[in-house]
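Data block below; observations after.
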Number of protein chains: 2
Amino acid sequence: MFQNTINELGELALGSRLKRLSDYIYREGKEFYQLNEINFEPRWFPVFYLLAKGGTLSVVEIADRIGVSHAAVSQTTKELVKYQLVVSLDHKTDKRKRELRLSDQGRELLMKMEPLWNDIAAALNNMIRQHTHHLMAAIQEVENAFDSYGFVDRVSKIKNERLQREVKIIDYKPEYDSYFKNLNIEWLEKYFHVEEYDKKVLNNPLEHIINKGGDILFAEFEGEIVGTCALLKYNDDDYELTKMAVTGKVQGKQVGKKLGLSIIERARQMKAKKLVLESNKILIPALTLYERLGFKYAYKDFSTSAYQRANVYMEMAL
Amino acid sequence: MFQNTINELGELALGSRLKRLSDYIYREGKEFYQLNEINFEPRWFPVFYLLAKGGTLSVVEIADRIGVSHAAVSQTTKELVKYQLVVSLDHKTDKRKRELRLSDQGRELLMKMEPLWNDIAAALNNMIRQHTHHLMAAIQEVENAFDSYGFVDRVSKIKNERLQREVKIIDYKPEYDSYFKNLNIEWLEKYFHVEEYDKKVLNNPLEHIINKGGDILFAEFEGEIVGTCALLKYNDDDYELTKMAVTGKVQGKQVGKKLGLSIIERARQMKAKKLVLESNKILIPALTLYERLGFKYAYKDFSTSAYQRANVYMEMAL
DNA sequence: ATAATTTATGTAAGTACTTACCTATATTTA
DNA sequence: TAAATATAGGTAAGTACTTACATAAATTAT
C-alpha cells in the first residue's frame, strides 16, 4: 500500500504523502466505527470531542480551537445537528452567534465511543512509541517551525541564497569598462600578447562596440564581475562574437557557457543572421565550448584578419 | 495557525492533523509556484516527476508507483494533457493502454522547475534535520507499520485485549449455581453466618428465584465468575435486590456497580415498579453503593424480615 | 473456440477540507 | 448618531483524493 517510488521523492512529495496517510486513517477509522456498529464519521471527531469536553461553544470558537476554517465547522455542525447528536441554540444576547452543545443522544453516543477512542489512542501510541522517530512529536515540531517561519518564506530564502551563489548575466554599463579591459588582458597576456587592435577596443568599448551597434555582456558572481563577452556588428546580418574572457578564479560554474548562450540570444534579438568568431588552435577548451554553442568550423583567409593570433574561424547561422 | 487544542487530542486527531499539514503544504507550494511565475499545480507533481524521470509510463504504472488510485492518475493526466505538458499516445499492441510522456513544453517547464524543486527539498530538509524527531523517517516507519499490520487490526486487537480485562455481566445458567452459592457463603461467613433461609435459596436458586419470576446475573472477569446478584419477585410491581456478592479477589473493577446497574436495568425490563433491599449498618461500602445506584433509606418493621441480620431497609422507584 | 476472468482506463459521485463571497449583527470611530 | 469596520455564520464552488461502477480489450480456463 505505502511501498512505492513516491517515498524516494523524499521531502518533495511530503504533501502527497501526508494526504495519503491521512486518507488511510480516515478510511480505517470509519471502518472501525462501522465494525463496532457506531454511526459516527471520523471527520466529526474534532468538533464532537471539543463539545464533549468543552460544554457550549460557538462555530468560530470551535474553528479556532481545532485550527480549521469556520466554514468547515459550519458544515460539520450542520450534519451533527441533522443526526441529532448536537443541539444548536441561539445566543441569548448576540443574535449572530449560535450555542452548540451535545444533545442527550450525543452524550449517549459519547459513552459508547469513549472506550473505543481509548483503544484507538492506545493502538496508535503503542505503534508510534516503538519507533525511533516519534511521528506525533515530529508533526508538532514541523507545525511549530511553520508557525514561526512559513513554508514559502523558508523556500524563498533558500532560493535567494542559491541565486546569490549563481552566475548572473548583466548588461553593459560604462562603469564596467575596466573589467572588460582587465579580464581580456588577463588571458591575452597568458597565451599571446595584447595587439594594437585589442588595445584600441579594450580602452574604449563604448566607441568601438556599443556605438557601432554591438553589445557587451558581463557575468556576475557573488557581486563580482567574473567574465565578459562582446558582439561586434559587421552589418545588419553579420556579427562577430569577440572578447570573451572569464577570470581563472571561477571554475566549473559554466560562466563561459552562460555568457555564450546569452550573447547568442542577444544576437537573435538584434535580428542577426550570422555569427562568426576567430580563435586559435591552442585554445582547446574555448573551441570545445564554441562547438557546443553551435558554431561550425569554416575556411577563412587570415591575411585579412584583424588579429595576428587568429588561425581558426567559426560561424553559425541564427 | 497550528497552535490550538487539536494538538492536545494527540493520536486521536492524527488524521485531521496530517490533513491540515498536507493542505498547508499544497497551498504554500501553489503560492511558491505562482511567485515564480510557473503554471504548475502541486497535485501534478508526483505524476509529472515520474514521467520526467521514468520516460514513458501507463496510467496504472504511475498509480502503482505513487500509491494512489488509477482514477486519480487518470484525472491528473487529463489535466496535464489539457495543459499540453504531457502527450498521450495509444500503445502499439495493447489497445487498452496509453503511453504517457512529457511533451516538449513539459520538458521546458521541467528545466525551469528543477532548481525550484531543489530549493523546496533543501528548505524542508533543512527544517526537518534540525529537529529531534525526523518527520520523514517517522512517516516512513508508520507507513511500514501499517503495511505489515493495518490500523483496524491494531485497534481491534487493543479493544479485544481490553474486553478480556473487563468485567462482563452474563445471564443465569444452572451450571453457575455453585458460584451463586459459594460467592454468597464467602461473604456471609465473613460478617454474619449462613441462615436457614439463605441455605434454602442458595441450594436451589432455580426453584426459589428463577421459577418464581425473578432473575440472577453473574459477573465474569478473565473467564471466571467473580460476582452475582439476584432479583426476587414479590409481585408484578415489587422486586427485591438480594444475594449480591463479589469475591474479594477483584478490587477496583466496579464489579458491584456493574452488577447493580445491570440488575436495575433487568428489573425495568421486567416492568417492575419498585425495587427494595435489606442490609446491615456495618456494611458501609455496600450501603454507599446502594445509595449511588439510587436507593433511598426507608422504614421497615424488621420483625417481619426473612433475615435475622437485616437492620437497614432501602427502596427505589423505577 | 467459447466462456470466464483479469487488466486498463474512464466517469460520476462522495469526502474533508479550502477560498471566495454573501448577509446579518455588533462594535468602534469620527 | 451615522458611517466605517469587525465579527459570526452561511453557501457555492474548488481541490485532491477516494469508491463504485462502467466499458473495452487481453488473457486464461475449459
* Below 4.0 angstrom from OP1 or OP2 of D:dT18, is there any side-chain N or O of B:Ser69? -> yes

* To do: Select from A:Val68 and A:Lys95 the residue whose nearest nucleotide in DNA chain C is closer to the 5' end of that strand.
  => A:Val68

* Whole angstrom is fine here: how far is it from CZ in B:Arg20 over to C1' in D:dT15? => 19 Å

* To do: Measure the distance from NE2 on A:His70 to P on C:dC17 and round it to the nearest whole Å.
  => 15 Å

* Asked: So does A:Tyr26 get a side-chain nitrogen or oxygen closer than 4.0 Å to the phosphate oxygens (OP1/OP2) of C:dC17?
  -> yes

* Asked: CD of A:Glu41 versus P of C:dG14: gap in Å, rounded?
  -> 13 Å

* Asked: Has the side chain of B:Gln75 got a donor or acceptor that lies under 3.5 Å from a partner of the other kind on the base of D:dT15?
  -> no

* Asked: C:dT6 phosphate, OP1 or OP2: any side-chain N/O from B:Arg96 under 4.0 angstrom?
  -> no

* Asked: Taking the side chain of B:Asp23 as its heavy atoms from C-beta onward, which of D:dA25, C:dC17, C:dA20 lies nearest to it?
  -> C:dC17

* Would you mind telling me which of C:dT25, C:dA8, C:dT15 lies closest to the side-chain atoms of B:Val60? => C:dA8

* Asked: With a non-hydrogen cut-off below 4.0 angstrom, is B:Ser16 in contact with a base, only sugar-phosphate, or nothing?
  -> sugar-phosphate

* Asked: Under 4.0 Å: is that the gap between some side-chain N or O of B:Lys19 and OP1 or OP2 of C:dT15?
  -> no

* Asked: Would you say a side-chain N or O of A:Ser58 is under 4.0 Å from OP1 or OP2 of D:dG9?
  -> yes

* Asked: Does OP1 or OP2 of D:dA24 have a side-chain N or O of B:Lys97 closer than 4.0 Å?
  -> no

* **Separation of atom NZ in B:Lys78 from atom P in C:dA8, rounded to whole Å** => 21 Å

* Select one nucleotide: of D:dG9, C:dT9, D:dC17, the one nearest the side-chain heavy atoms of B:Val59. => C:dT9

* Do A:Arg162 and A:Glu166 sit within salt-bridge range, that is, some charged N less than 4.0 Å from a carboxylate O? -> yes

* To do: Figure out the CG/P separation between B:Leu18 and C:dT18, and round it to whole Å.
  => 15 Å

* Out of C:dT18, D:dG9, D:dT19, whichever nucleotide has its closest atom nearest the side chain of A:Arg27 -> D:dT19

* Asked: For A:Phe221, does the CZ atom sit with more than 12 other heavy atoms under 6.0 Å from it, leaving out its own atoms?
  -> yes

* Asked: Of the options B:Phe45, B:Phe40, B:Phe48, B:Trp117, which is the one that meets B:Tyr33 in a ring pair (Phe, Tyr, Trp, His ring centres under 6.0 Å)?
  -> B:Phe40

* **Other residues, nucleotides, ligands: >12 heavy atoms within 6.0 Å of A:Glu79 CD** => yes

* With nearest nucleotides of DNA chain C determined for A:Thr93 and A:Lys30 from heavy-atom distances, which residue corresponds to the more 5′ nucleotide? -> A:Lys30

* Asked: How is A:Ser88 classified with respect to the nucleic acid when contacts are heavy atoms under 4.0 Å: base, sugar-phosphate, or nothing?
  -> nothing

* To do: Before accepting this row, confirm whether a basic side-chain N of the pair B:Asp119/A:Lys157 lies closer than 4.0 Å to the acidic partner's carboxylate O.
  => no

